[in-house]
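Note that this is a predicted model, so its numbers are computed, not measured. Order of listing sets the numbers, starting from 1, for every ligand and every atom in it.
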Amino acid sequence: MRVVSGIQPTGNLHLGNYLGAIVNWVKMQEDGDCFFFLADLHAISLPTNAAELSASTREMAAALIASGVDPDRSTLFNQARVPAHAELQWLLSGTARMGWLNRMTQFKEKSGKNKEGSSIALYAYPVLQAADVLLYRATHVPVGEDQKQHLELARDIAEKFNTDTNTETFVLPEPYIGKTAARIMSLRDGSAKMSKSDPSDMSRINLSDDSDLIAKKVRKARTDPEPLPETMEGLAERPEARNLVTIYAALANVPTADVLSEFAGKGFGDFKPALADLTVAVLEPVSARFNELKDDTTALDAILEAGGEKAAAAAAPALSDTYRALGLLSGR
Ligand code: TYM
């Protein structure tokens, strides 16, 4: 099992990232050959500030290590240290079709009404993401639900490239999307996903929040006046309530049915304090480790440098096969 996944280093690691993706990264280290990276090249698709980007790349590395990503077992690096990502992106740009990229919902969401003013990078973003996984011949890509469309595109690109060049250059990657926490929603609006770009910080729980702030965010989370039902079907029309039950189940690592059998008939006056306590209990040790690690820039840079070297070596075969398959005389 070759496992590859990435996270953008802008903003904080929030509970959606943690439960939707990172928990699975940590688990997959048990029996996978894992490559995890900070997607700093993706980050420049939106306006960034140089000093902030390098600081937040280190900080996100610290957050991942604090969450349990072990740099001794997994290859942890930032994309910019491995030029093969950008190189393969260009090589795949001959295969990716405009029509495919035009269907990507993330570009539509992020560009909004300002398509003309959006960067080329925001549009070509999914081709870089395809390069990220195809470069390592990933078999499994652990992500939240929102990345599914990008991975389907990566499979389409890989398949077309192999067919067009009559080679088996790329392995088709499988998205690995956990069942319970595939899509954690905003605490303020059950129809929007929890996201770093939401202007309201009350909409998400960040790894860097202290216990009081976590408790406050849970207390203020939007809900309804009804008690909790006995089954998840009873939450079909109650997205905010469903989200809180989902978060509880994912944090406790139990099925949602178990949460409802404990809390059925109780209102949010009982449920919210229990959820706040559980969230604090799970995140407190992670945030303590994060605070210990985050300022040690020398140690973090050394980890990313070593990871970058290992990643570059692992990426070399697929990159040179790609040049060869296209008839490009690259000297690789
Ligand atoms: P990013 O940085 O937005 O998110 C990192 C991971 O967290 C998951 N996630 C969520 N899961 C559940 N509920 C949520 N509310 C939620 N919000 C985020 C994401 O699905 C993701 O798994 N384009 C990617 C980064 C990337 C990548 C890759 C991922 C670049 N190259 C190659 C996989 C493979 C992104 O922006 O994720």
Closest to atom 25 (C) of ligand 1 (heavy atoms only, candidates Gly144, Gly6, Pro9) is Gly6

Please determine whether any non-hydrogen atom of Gln106 lies less than 4.0 Å from an atom of ligand 1. no

May I ask you to identify the nearest protein heavy atom to atom 23 (N) of ligand 1, giving residue, atom name and distance to one decimal place in Å? Tyr125 OH, 2.7 Å

Kindly assign one of parallel, tilted or perpendicular to the pair Tyr248 and Phe263, based on the angle between their ring planes and the thresholds 30° and 60°. perpendicular

Return yes when His14 approaches ligand 1 closer than 4.0 angstrom through a heavy atom, no otherwise. yes

Could an N or O of ligand 1 be found under 3.5 Å from any N or O of Phe37, whether backbone or side chain? no

Keeping the roles fixed (side chain from Arg219, backbone from Pro273), state whether a donor-acceptor pair exists under 3.5 Å. no

Determine the interplanar angle of the Tyr125 and His42 rings, folded into 0 to 90°, and report it as parallel if under 30°, tilted if 30 to 60°, perpendicular if over 60°. tilted

Classify the ring geometry of Phe77 against Phe37: parallel below 30°, tilted from 30° to 60°, perpendicular beyond 60°. tilted

How close do Gln29 and Asp70 get, heavy atom to heavy atom, and via which atoms? OE1-N, 2.8 Å

Based purely on interatomic distance, does Ile184 place a nitrogen or oxygen under 3.5 Å from a nitrogen or oxygen of ligand 1? yes

With only distance considered, is Pro142 within less than 3.5 Å of ligand 1 through an N or O on each side? no

Counting from 1, what ligand 1 atoms have a heavy atom of Val141 closer than 4.0 Å? 33 (C), 34 (C)

